[in-house]
There are 2 protein chains.
Amino acid sequence: MRHRLKDVAERAGVSVKTVSNVVNGYLHVKPDTRARVEEAIAELNYRPNLSARNLRKGRTGVIALAVPELDIPYFAELARHVVAAAADHGWTVLIDQTGGRREQERVAAAGIGDHMIDGLIFSPLALTADDLAALDGLPTVLLGERVDHGPADHVAIDNVTAAREMTAHLIGLGRRRIAAIGDQRTPEGASARLRLAGYAAALADAGIDYDERLVAPAPVWHRADGAAAMRQLLASGVRPDAVFCFNDTLALGALRALHEAGLKVPDDVAVAGFDDIEDGRFSVPTLTTVSPDKEQIARLAVELLAGRLAGDREAPPRELTAPHHLTPRESTHP
Amino acid sequence: MRHRLKDVAERAGVSVKTVSNVVNGYLHVKPDTRARVEEAIAELNYRPNLSARNLRKGRTGVIALAVPELDIPYFAELARHVVAAAADHGWTVLIDQTGGRREQERVAAAGIGDHMIDGLIFSPLALTADDLAALDGLPTVLLGERVDHGPADHVAIDNVTAAREMTAHLIGLGRRRIAAIGDQRTPEGASARLRLAGYAAALADAGIDYDERLVAPAPVWHRADGAAAMRQLLASGVRPDAVFCFNDTLALGALRALHEAGLKVPDDVAVAGFDDIEDGRFSVPTLTTVSPDKEQIARLAVELLAGRLAGDREAPPRELTAPHHLTPRESTHP
DNA sequence: CAGGCTTTCTACAACGTTGTAAGCAACGTT
DNA sequence: AACGTTGCTTACAACGTTGTAGAAAGCCTG
């Protein structure tokens, strides 16, 4: 029971184009013609066929958001903000879950629904700049650190500064044996590299030696990895009095491992995370963290995309930095 | 630099339709013609325009998933499974976030991208059966409890049984003063009603009186609401020795409030949740919960939709029940 | 060798929409 | 009276694709 412009036109006794004009808010339509058409639209419950409209206009009104995993809270929260920001522009968001796998990300990069989307906001893990080149004209905004001088617009927070501030916060509490969890030496580990650099810089600022035994790798940044890394640190005999985890889920895992080891947080070991996910506000203890302004990240990304779509397709790639701040909570405050 | 069938056809020296046939895997194409066409496709990096294809075929290959909030872990995890199950059918999933607001849900129900999607998997909070009637032919599968005898296919777990089992589990630990958190008397609170019914049934089974003072309402089921409800229960002077929270985020909030009140879990108060979200596996203490088989829910939903799309549009609505089980963890085990 | 089948390919129309150009009144200006 | 302007409406073509119908050529069957 789907109706077309033609059905409405016949019912209202006007041409198809006049109905189209009414639907699109064209000005020069006589009030009583408009009324008749609107009545017919209501009676038939007419709604435009977007595929046809898109075909005609070359625009779909849909943008895609590609993230590694939806059930990683950071991405879920980010997705929420992107959907909200896109709604302000009248766009629908198609959310794609890449799993961080390179193949799947290439599919996303290749344009998902091919011509089905006007633009792409992309938080890649495994993708290279070359893969992105394959986007071939699809306006794209990158989030996160993976491809930081790629061919596309880019939004991120200043990871080095944020990590440096957090480490300095721990030092300010009097801690000196500060561990770091989340090191990654793979090409995908750009965030890890930046955060590690900030950590090292803060140690240097305070004249504390960088001790490699205090730096624990974590191939993925899930809770289980944080717990495993923490256990390993404890087992190795190095006795940290603080841990800076490169994201909140790692930190929540570390909290869990410390609890199992009978250590008190923050008395024995202070713990800090990164991302400010909802969970950290209700954990026991609540989690000190770096709070990226996710709403701002989403808004900037959508606006960059809007700019591209509005015309300046050929402008050079822009790099925007979103604000962040430190959120001290119980895990570092007695 | 987007090319069309016509461009490929010219390059390969064949008709547009022959290229279409190659693209669609039509059988009767001479091998060397096919090769020439494929070469041209590769050279031009041709990809079909889905809007045009959809217009022609009346199908889009996109289904929508509408959930209240993406950053509620249960929905994020569910979304992940739906995306995976849909991928097996070659579908892309458009994820829509309704915010649980009736207006927004109506928009979702009205077909989101209007003609842009082939079907809808919908987890409504605020919607009535009448609103759903407005779907007007769009194949739809409902998740959750809101409209349990509506006009559409429906997948859910047996909430009453699950809640009864969990309450029985608490009784089996020797607890007698078992509180419930998450009561809702609003029309949206169908899940709450079912879970409360299961709770009451288990108490009756064990010959324990139902005490209204032990039942705490929670208008929304976020962590903050769970914490608030728990604080209020404690302040009211009723001294529960166990709490059954109607979902995991409520339970995590309750854990937090108990911690603040200096009560030990599970020694002083046992805590149980519902949903088995990832967070509950790493909380301190880990959270006993009802585990709905989310993967199965997603798979059943997608398959119901597939059935409708394959033809039997007029079949009566089906009600499927997905399995669940109890997952005991530290919050009820010493 | 006529008739029919198969293989390979093509022309055309149609899906539902909107931009363009143009038509037709009614009005005001010279 | 002739002309331009403005307001409203319409016919037509086009967006890129695929289904239908059918043409052309080759092959088999009797």
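Below, chains carry the letters A, B, ... as their sequence lines are ordered, and counting in each starts from 1. This is a predicted model, so every value here is computed, not measured.
- D118(A) has its side chain out of reach of P139(A): every pair of non-hydrogen atoms, C-beta onward, lies at least 4.5 Å apart.
- A donor-acceptor pair under 3.5 Å is formed between the side chain of N49(A) and the backbone N or O of S51(A).
- With sequence neighbours excluded, the residues that form a side-chain contact (heavy atoms from CB on, under 4.5 Å) with T186(A) are Q184(A), E188(A).
- Closest of all the heavy-atom pairs between H3(B) and L44(B) is CD2-O, 3.1 Å.
- Rounded to whole angstrom, the span from the CG atom of N54(B) across to the C1' atom of dT17(D) amounts to 10 Å.
- Across all strands shown, the partner of dC1(C) is dG30(D), judged by Watson-Crick or G-U wobble contacts whose two distances both fall under 3.5 Å.
- Residue A52(B) has its side chain nearest to dG16(D) when only dA11(C), dT10(D), dG16(D) are considered.
- Not one N or O on the side chain of E77(B) forms a donor-acceptor pair closer than 3.5 Å with the backbone of K294(B).
- In this structure, R4(A) places its CZ atom 12 Å from C1' of dT17(C), rounding to the nearest Å.
- At whole-Å resolution of the value, NZ in K6(B) and C1' in dT10(C) are 16 Å apart.
- Whole-Å rounding puts the N49(A) CG to dA14(C) C1' distance at 13 Å.
- At distances below 3.5 Å, not a single donor-acceptor pair connects side-chain atoms of R318(A) with backbone N or O atoms of D153(A).
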Q.
Walk along nucleotides 18-25 of chain C from 5' to 3' and tag each nucleotide B, S or - by protein heavy-atom contact under 4.0 Å, base first, then sugar-phosphate.
A. BBB-----
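- Here dA13(C) presents its P atom at 17 Å from CG of L55(B), a figure rounded to the nearest Å.
- Other residues, nucleotides and ligands contribute at most 12 non-hydrogen atoms within 6.0 Å of the CD atom of E295(B).
- Under the 3.5 Å distance criterion, the side-chain polar atoms of T140(B) are matched with a main-chain donor or acceptor of L138(B).
- Taking the six-membered ring for Trp and thresholds of 30 and 60 degrees, W91(A) and H89(A) have nearly parallel ring planes, at less than 30 degrees apart.
- Near DNA chain C, defined here as any heavy-atom distance below 4.0 Å, the residues from residues 25-36 of chain B are H28(B), V29(B), K30(B), T33(B), listed numerically.
- Residue T18(B) places at least one side-chain N or O closer than 4.0 Å to OP1 or OP2 of dT10(C).
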